[in-house]
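For reference, the structure is listed below as structure tokens.
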Amino acid sequence: MLNIALPKGRLGDKVYKILASIGYDCAAMEEDNRKLLFENEARGVRYFLVKPSDVHVYVEQGAADVGVVGKDILLEYEPDIYELMDLGFGKCRLAVAAKNDYYEDTDRPLRVATKFVNVTKKYYASKNREIEVVRLNGSIELAPILGLTDVIVDIVETGTTLKENDLSVYEDIVPVSARLIANKASYKFKRDAVDDLIGRLKEKL
Ligand code: PRP
């Protein structure tokens with residue numbers, strides 16, 4: 001059995017469709033239900049649906065052999081896994097954003113709201129810029145609007161969320177896309193199954 005952790009939501013749906021089309025289909029995944037674990041014994045595949053920011057935990061711990069996760073999550077948590085392939089979709093970027101009329105006061109530490117605390121600290125350390133981080137879990141865009149922070153570091157995909165909240169990108173940090181990752185032991189002991197998956201994915205993509 002190849003155990004695959006998929007992120008719940010749009011990205012996971014897209015990945016499943018691709019995997020199903022290259023031989024890793026699982027009928028129960030296509031039903032409208034609230035199940036989290038799906039198996040197709042004949043195909044030798046088992047899927048887990050997990051929160052996007054948990055995929056790497058299942059893979060690192062070996063509960064899943066492989067998984068699909070955004071590069072943003074890998075940069076933030078730096079899990080001890082193999083990053084096998086850039087899937088080339090789920091494209092977005094990590095960026096600094098601020099109010100449209102923002103003007104940076106470089107005489108004091110920059111106040112930054114984000115879910116990506118480690119990425120943020122590294123980014124500003126590389127610029128020798130002193131910061132104060134406010135860790136938030138969502139709706140980050142509110143922070144500069146309410147004066148909680150000067151800027152945010154967050155994912156920008158279409159830019160709609162920023163635009164609709166009168167914010168704009170101040171600096172780009174790094175481009176992001178979906179990555180196939182593998183547990184290190186699984187990659188050794190299930191090498192044929194993992195290589196077969198990579199081969200079919202490459203052909204398809
Ligand atoms: C992400 C991110 C932004 C939004 C950007 O939020 O935090 O709010 O998407 O996308 P856009 O540029 O296409 O508008 P997500 O929907 O993943 O929810 P979250 O707030 O829980 O992170």
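In each ligand, atom 1 is the first atom listed, and ligand 1 is the first ligand listed. From a predicted model like this one, the values you see are computed outputs, not experimental measurements. Only this structure's heavy atoms are used, side chains among them; waters, hydrogens and symmetry mates stay out.
For the pair Glu83 and Lys71, the salt-bridge criterion is met [side-chain N within less than 4.0 Å of a carboxylate O]. A salt bridge between Arg46 and Glu39 is present, with a side-chain N of the basic residue lying under 4.0 Å from a carboxylate O of the acidic one.
Applying the 4.0 Å criterion to heavy atoms of Thr161 picks out, from ligand 1, the atoms 4 (C), 5 (C), 8 (O), 10 (O), 11 (P), 14 (O). Distances below 4.0 Å separate heavy atoms of Asp154 from the following atoms of ligand 1: 2 (C), 3 (C), 7 (O), 8 (O). Taking every heavy atom of Thr160 and a limit of under 4.0 angstrom, the matching atoms of ligand 1 come to 12 (O), 14 (O). Atom numbering of ligand 1 starts at 1 in the shown order; those under 4.0 Å from a heavy atom of Glu141 are 3 (C), 8 (O). Every atom of ligand 1 is numbered from 1 in the order shown, and the set under 4.0 Å from a heavy atom of Thr158 is 11 (P), 12 (O), 13 (O), 14 (O). Near Gly159, the atoms of ligand 1 lying under 4.0 angstrom from a non-hydrogen atom of the residue are 11 (P), 12 (O), 13 (O). Interface of Lys115 with ligand 1, defined as ligand atoms under 4.0 Å from a residue heavy atom, comprises 19 (P), 21 (O), 22 (O).
For the pair Glu164 and ligand 1, no heavy-atom separation below 4.0 Å is found.
Just one of Asp196, Asp65, Asp195 meets the side-chain hydrogen bond (donor to acceptor under 3.5 Å, both in side chains) condition when paired with Lys190; it is Asp65.
In this comparison of Ile155, Ile140, Asp72, Thr114, the heavy atom closest to atom 5 (C) of ligand 1 sits on Ile155.
With Glu76 contributing its side chain and Val119 its backbone, the two residues share a donor-acceptor pair below 3.5 Å.
Protein heavy atoms are absent from the 4.0 Å sphere centred on atom 16 (O) of ligand 1. For atom 13 (O) of ligand 1, the protein comes within 4.0 Å by at least one heavy atom. Under the 4.0 angstrom criterion, atom 8 (O) of ligand 1 counts as having a protein heavy-atom contact. For atom 1 (C) of ligand 1, no protein heavy-atom neighbour is present inside the 4.0 Å cut-off. Per-atom contact check: atom 19 (P) of ligand 1 touches the protein, criterion being a heavy-atom distance below 4.0 Å.
Remark: the Glu104 side chain and the Tyr170 side chain contain an N/O donor-acceptor pair separated by less than 3.5 Å.
Within the model, atoms OG1 of Thr114 and CD1 of Ile173 stand 7.5 Å from one another, a figure rounded to the nearest 0.5 Å. Note that the CD1 atom of Ile198 and the CZ atom of Arg200 stand 12.5 Å from one another [nearest 0.5 Å]. If you take OH on Tyr58 and CZ on Phe48, they are separated by 8.5 Å, rounding to the nearest 0.5 Å.
For the pair Val45 and Asp25, the tightest heavy-atom approach, listed with the atom from each and the gap, is CG1-O, 4.1 Å.
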